[in-house]
Chemist: 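Encoded as structure tokens, here's the structure I'll be asking about.
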Amino acid sequence: MIPVRAEGVEKVFRSRGGHRVTALAGVGVEVPAGGFLFVTGPSGSGKTTLLHVLAGLLRPDRGEVWWGEDRITGLPEPRVTRLRRRLAGFAFQRDRYLERARVWENVTVLLAAQGVGRRQRRARALEQLGRLGLADWADHYPWELSGGQRQRVALARALVHGPGVLFADEPAAQVDPDTAGLVEAVLREENARGVTVVVASHEALGAKPGDRMIRLEPSGRRGGAAWRSSS
Ligand code: ADP
Ligand code: MG
């Protein structure tokens with residue numbers, strides 16, 4: 001439902017040792033409302049950095065990001081956070097959980113902050129966990145889960161408030177092919193409902209005509225400024 005656009009995005013990290021790592025060197029992307037974008041490239045090529053910049057979690061050194069009419073790179077941090085909570089969902093590659101809270105409670109942290117009642121929260125968590133094959137894990141604790149299960153909990157958490165744009169960072173990197181198929185099906189279902197989907201993955205597995213794709217290269221090589229539709 002929300003178009004996402006970025007132009008000329010640059011991000012350089014400075015390590016403690018004083019090294020400079022160019023994570024993004026002038027990247028542009030455009031995903032129409034209800035579009036599906038794959039961000040691909042080898043490990044270290046900047047996929048996570050790009051997703052964080054597109055989601056307003058990280059400020060680029062240069063370049064602009066728009067969500068529809070909102071130029072989020074020009075907005076103060078608290079407004080970006082409010083917009084993101086309302087409009088976007090982000091499934092982190094390695095999410096952090098409240099280890100003493102149950103899985104379903106972790107899924108609904110944001111809803112709790114919004115004042116949604118416990119019964120409703122649990123129902124909504126179960127709905128998302130169920131479609132990701134995790135219904136039986138709702139009352140477990142995060143530390144009881146495998147890496148792949150935790151990634152799916154991250155996806156459930158990103159979806160539970162019905163976002164207009166979903167960012168998923170390698171959501172199926174640590175799972176078997178059947179489970180990867182399940183994750184992919186959920187991403188496609190959301191997209192079919194009109195949700196704009198941006199997914200980082202090694203390769204654009206299951207890409208369909210009409211999907212967009214950007215392939216990033218590790219720093220020092222190409223900047224990855226080209227994006228294209230695979231159709
Ligand atoms: P990918 O997700 O494709 O594996 P990343 O976006 O995580 O790539 O990283 C891109 C490059 O930026 C890598 O060289 C990585 O080491 C570096 N990098 C990422 N985050 C940081 C950070 N917070 N501090 C320093 N370097 C970072
Ligand atoms: Mg990454």
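By convention here, the first residue in the shown sequence is residue 1. Just so you know, ligand 1 is whichever comes first in the structure, and atom 1 is the first atom listed for that ligand. Hydrogens, waters and symmetry mates play no part in the numbers below; they use all other heavy atoms, side chains included.
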Chemist: Suppose we measure from atom 22 (C) of ligand 1 to each protein heavy atom; which comes out shortest, and what is that distance?
Modeler: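 In this structure, atom 22 (C) of ligand 1 has Phe13 CD2, 3.5 Å as its nearest protein heavy atom.
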Chemist: Above 12 or not: heavy atoms from other molecules or residues under 6.0 Å from CZ of Arg14?
Modeler: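 Result for CZ/Arg14: enclosed.
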Chemist: Looking at every heavy atom in both Val197 and Leu187, which two are closest together, and how far apart are they?
Modeler: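 In terms of heavy atoms, the two residues are closest at CG2-O, 3.9 Å.
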Chemist: Flag Ala23 as yes when one of its N or O atoms lies below 3.5 Å from any N or O atom of ligand 1, and as no otherwise.
Modeler: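 No, no N or O pair falls under 3.5 Å.
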Chemist: Distance below 4.0 Å between atom 4 (O) of ligand 1 and any protein heavy atom?
Modeler: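 It does; a protein heavy atom is within 4.0 Å.
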Chemist: Short check: any N/O/S atom of Thr49 below 2.8 Å from the Mg ion (ligand 2)?
Modeler: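 Short answer: no, not a single N, O or S atom is under the cut-off.
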Chemist: Taking N, O or S atoms only and a limit of 2.8 Å, check whether Ser43 reaches the Mg ion (ligand 2).
Modeler: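 No N, O or S atom of Ser43 is closer than 2.8 Å to the Mg ion (ligand 2), so no.
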Chemist: Can you tell me if CD on Glu189 sees more than 12 non-hydrogen neighbours from other groups inside 6.0 Å?
Modeler: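 Counting neighbours around CD of Glu189, more than 12 heavy atoms of other residues, nucleotides or ligands fall under 6.0 Å, so yes.
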Chemist: Applying a heavy-atom cut-off of 4.0 Å, say which part of Thr48 lies close to ligand 1: side chain, backbone, both or neither.
Modeler: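 Thr48 to ligand 1: contacts from backbone and side chain alike.
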Chemist: Does a side-chain N-to-carboxylate-O contact under 4.0 Å join Arg118 and Glu105?
Modeler: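 Looking at Arg118 and Glu105, the cut-off is met.
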Chemist: Has the side chain of Gln149 got a donor or acceptor atom that lies under 3.5 Å from a matching backbone atom of Ser146?
Modeler: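 Confirmed, Gln149 side chain pairs with Ser146 backbone.
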Chemist: Answer yes or no for Arg84 and Phe167: cation-pi contact, defined as NZ/CZ to six-membered ring centre under 6.0 Å and angle to ring axis within 45°.
Modeler: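 Pair Arg84/Phe167 does not count as cation-pi.
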Chemist: Would you find more than 12 non-hydrogen atoms of other residues, nucleotides or ligands less than 6.0 Å from Arg188 atom CZ?
Modeler: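 Yes.
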Chemist: Nearest heavy atom to atom 10 (C) of ligand 1: which of Gly44, Pro218, Ser15 does it belong to?
Modeler: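 Selected option, by shortest heavy-atom distance: Gly44.
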Chemist: Quick test of your reading of the model: are Arg124 and Glu127 salt-bridged, counting only N-O distances below 4.0 Å?
Modeler: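 Salt bridge flag = no for Glu127 with Arg124.
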Chemist: Around atom CZ of Arg59, are there more than 12 heavy atoms from other residues, nucleotides or ligands closer than 6.0 Å?
Modeler: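 Atom CZ in Arg59 is packed in, count exceeds 12.
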Chemist: Taking only heavy atoms of Lys47, which atoms of ligand 1 are found under 4.0 Å from at least one of them?
Modeler: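 Taking each heavy atom of Lys47 in turn, ligand 1 has 1 (P), 2 (O), 3 (O), 4 (O), 6 (O), 8 (O) under 4.0 Å.
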Chemist: Within a distance of under 4.0 Å, is there any protein heavy atom near atom 15 (C) of ligand 1?
Modeler: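 Under 4.0 Å from atom 15 (C) of ligand 1, zero protein heavy atoms found.
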Chemist: I'd like to check which ligand 1 atoms, numbered from 1 as shown, lie under 4.0 Å from a non-hydrogen atom of Ser43.
Modeler: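 Going through ligand 1 atom by atom, the ones under 4.0 Å from Ser43 are 4 (O).
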Chemist: For the pair His140 and Trp137, name the ring-plane relationship: parallel under 30°, tilted 30 to 60°, perpendicular over 60°.
Modeler: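 Correct class here is tilted.
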Chemist: For ligand 1 and Gln93, I'd like to know whether there is a polar contact (N/O to N/O, distance under 3.5 Å).
Modeler: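 Not met; the criterion fails.
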Chemist: Can you report which non-hydrogen protein atom sits closest to atom 8 (O) of ligand 1, along with the distance?
Modeler: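 Of the protein heavy atoms, Gly46 N, 3.1 Å lies nearest.
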Chemist: Does Ser45 reach ligand 1 with a nitrogen or oxygen that is under 3.5 Å from one of the ligand's nitrogen or oxygen atoms?
Modeler: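 Indeed, backbone or side chain, Ser45 has an N or O that close.
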Chemist: Quick one: look at Pro42 and ligand 1, take heavy-atom pairs under 4.0 Å, and tell me if it's side chain, backbone, both or neither.
Modeler: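 Only the backbone of Pro42 comes within reach of ligand 1.
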Chemist: Which residue and non-hydrogen atom of the protein lie closest to atom 6 (O) of ligand 1, and at what distance in Å?
Modeler: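 Atom 6 (O) of ligand 1 sits closest to the protein heavy atom Thr49 OG1, 2.6 Å.
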